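Owing to the predicted nature of the structure, the values given are computational and were not obtained by experimental measurement. Numbers restart at 1 for each chain; the letters A, B, ... are given by sequence-line order, proteins then strands.
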4 protein chains.
Amino acid sequence: MPSDNVPSRPRRSERARRAILDATYDLVLEKGYAKLTIEAIAARAGVGKQTIYRWWPSKGAVMIDAFLPEGAGEETEVDLPDTGDLAADLKGVLRATADEFADPAFSARLRALSAEILLAPELAPDVAERVLGPGLRAYKKRLLAAQQAGVIAQGDDVDLDVAVELLLGPLHYRWLHDLGGITHDYVDTLVDFTLAALRPGATTTSSSSS
Amino acid sequence: MPSDNVPSRPRRSERARRAILDATYDLVLEKGYAKLTIEAIAARAGVGKQTIYRWWPSKGAVMIDAFLPEGAGEETEVDLPDTGDLAADLKGVLRATADEFADPAFSARLRALSAEILLAPELAPDVAERVLGPGLRAYKKRLLAAQQAGVIAQGDDVDLDVAVELLLGPLHYRWLHDLGGITHDYVDTLVDFTLAALRPGATTTSSSSS
Amino acid sequence: MPSDNVPSRPRRSERARRAILDATYDLVLEKGYAKLTIEAIAARAGVGKQTIYRWWPSKGAVMIDAFLPEGAGEETEVDLPDTGDLAADLKGVLRATADEFADPAFSARLRALSAEILLAPELAPDVAERVLGPGLRAYKKRLLAAQQAGVIAQGDDVDLDVAVELLLGPLHYRWLHDLGGITHDYVDTLVDFTLAALRPGATTTSSSSS
Amino acid sequence: MPSDNVPSRPRRSERARRAILDATYDLVLEKGYAKLTIEAIAARAGVGKQTIYRWWPSKGAVMIDAFLPEGAGEETEVDLPDTGDLAADLKGVLRATADEFADPAFSARLRALSAEILLAPELAPDVAERVLGPGLRAYKKRLLAAQQAGVIAQGDDVDLDVAVELLLGPLHYRWLHDLGGITHDYVDTLVDFTLAALRPGATTTSSSSS
DNA sequence: ACTTAAACGAGACGGTACGTCGCGTCTTTTC
DNA sequence: GAAAAGACGCGACGTACCGTCTCGTTTAAGT
């Protein structure tokens, strides 16, 4: 009779877990990441500090969980619209993103996550995968469809990962360093530039050196 | 014309100032920004804490000063090479930048500055102007020269600020979120994409809405 | 009248009980009372904390039980030797006691019990009765025999309880406050002083007031 | 000119020191030693915890200082009265002591100090010297005077330290273990017994062994 | 050279938060 | 239904730094 085949279930309190994530979410928006403390989270959540330390290794890890939607399993992938008009589709999504940047709640969250990555780089892969991942994959999927439709160039030299970064990188860079407004015009320009760069036959001639 | 005749000149100790900036610089590289404390700076510099608080409003302000080269007056602008081959010039500079990203000291500094901006957004303009500014202006200047040489498109719809962000934004984005390697191939691709986007007549046809 | 016929027998685990008392005993000797914790007892005993709280009201109560010999019912009273030579008998027992004070295990236990009494005075009667009681009664019984043999004074003014305290009080006082060595000479002196005080006709002349 | 001959004075805040000692004193009386915490002391004193840890190694050390009168330099020795009537003098002082034992404040202090010694035996010498010392020396001095007056026995076998313990040991023992009331009668009995033991020629005949 | 006022090093101060330990209660599962 | 296991809310621990505040002690200007 093989008895102890039970891996000692951790019997975690769902109530406490949700209270902690909610408190964290609210506190980041209210006070900002710089003022976020474990003690404040615990107090707001009506929870002992130890309960936080028991389940998360750091403040940043709590925050990442707090910023993810609840049912974020791996099957829940998002899709960009595909009307056949790539430029319009991208501009539609990026304009919505631009609007989000104007939302204090959104930028507070992004600020917090970015700061956390910089202070604790070991969290970067987790953020990249769980937070950015779905979005990046959605963009890439849409570009792939466009590629197959012949709207943008094909070939080994057309790296769609870079193409996605061409759309989002400037946006984040401008936001982070406050280099200019994140307007609809701005994101339209980004889309226009990016699609021009991806136009079939666009990058064929270019000098280089080692 | 003997103007501001300085009635109460602040007899500031140059020795202390340099010791503080050097200590800050060293500590960021050794321990990282997250472990940087005013007390550690003061101790390392052999300086009283008050001397730091007397001359800088915050830890971030000290850090910005610590990371700027000493003779960084406003007249010292840098220039990109101009061999006539825009792609080669850009790739040369960006490959050097890519190499810098591989340097722990460089990335530690960049990490620290970026974190500081996120935690204290009021410092962003200062960093944008004094740290990034010269670089951004140099890129823009080179693109402007290329524009005048007819290598890249002209016109109101060609925003060179955005063009510069197209080169640097993806680079920082990829670095910050650890999305992939910062290789010479990568920056070459960025230059190729960007120049393709900027090629005369590239962005003329594109749908849009709203 | 068949009284307490135990209708709801508390299915108490003897194994757990002994493990708890043993663990407590061992931990006090190893780490000292100051480091004794319920969690440590439970862990060492391989027992849930609740099992301790179920059967004892406090840490001190566990300790008292842990320090009593197992078959310490009320019928087990001890006796001092009675060779007819009171001084020799007392010195014999007290010298053995003095030797015990030199034993780290003994003094650790005494230290723990005394501390417990001071921190939780409600336990004092229990300790006085169950721990000290048998010893005190044995001394008093021996003195009573000596009194009846005419070796020490009789009368209402000869309080044998005080006489016993005269023997043991100084010993504990000296030990607790580390006022001097607990040697055979010392306890001999105590016995000599005490017997001198108790000698028939000793305390008849003495002034007093109020 | 030898400059640095100054031993870098610690610049300690007298205000904080007094506030800490007063708060400790008050808290012991109000809540008892078992509930005394560094945090409560700091809060009551309006002081940072670090200020306590900076100047005292432990809670017990603070307490000892808190319980000593302020001007407790080594020259401030106390004397027992000396009317020529030793028994009356001793009874007078011990009756006052008995009254103190009835005072909740006094017994709370004594309880706290005793507990501290038991939990941290390394403090025992300090307590013995600074707290008990003056009292013990005063008793011994009075007995010495009586000895020289011929009231009590002289000789090498008359250890006045033990004599003092004969007076105080039983008192503390009875108090600690709650063995009986600390009445005037009780202390009178102690004095009578002790003086009977010390009477010239009292301890000459007594058997012994080993 | 002498005076004098600031800046300086040192570090104590009242605080806040850290991450850990143990409390006594509770909940779940096993025997 | 007691027992093991251990999560829970809570309170205190002792430490690290914060930013402010004295302390003497340089130190450089302006007599």
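The shortest non-hydrogen separation linking B/I41 to B/A23 is O-CB, 3.9 Å.
One can place CD1 of B/I41 at 15 Å from C1' of F/dA16, the figure rounded to the nearest angstrom. Going from atom CD of A/E39 over to atom P of E/dA17 covers 7 Å, rounded to whole Å. The separation between D/R11 atom CZ and F/dT22 atom C1' is 7 Å, rounded to whole Å. Protein atom CD of D/E14 is 16 Å distant from nucleotide atom P of E/dA12, rounded to whole Å. Atom P of nucleotide E/dT25 and atom CD of C/Q50 are separated by 7 Å, given to the nearest angstrom.
Comparing C/A45 and B/A40 by the nucleotide of DNA chain F that holds the closest heavy atom to each, the one mapping nearer the 5' end is C/A45. Mapping B/R17 and C/L36 onto DNA chain E by nearest heavy atom places B/R17 closer to the 5' end of the strand. Heavy-atom nearest nucleotides on DNA chain F were determined for B/K59 and for C/R54, and the one closer to the 5' end corresponds to C/R54.
Phosphate contact (OP1/OP2 of E/dC21, side-chain N/O of C/T37, threshold under 4.0 Å): absent. Listed pair D/R15 / E/dG14 meets the phosphate criterion, a side-chain N or O lying under 4.0 Å from OP1 or OP2.
In this structure, A/E116 CD and B/L118 CG are separated by 11.0 Å, a value rounded to the nearest 0.5 Å.
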Audit row: B/V131, B/F67, side chain to side chain contact (heavy atoms under 4.5 Å, CB included) steps and yes/no: CA-CA 8 Å; B/V131 181; B/F67 288 163; 6.0 Å; no
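For B/K49 against E/dG11, no side-chain N or O and base N or O form a donor-acceptor pair under 3.5 Å.
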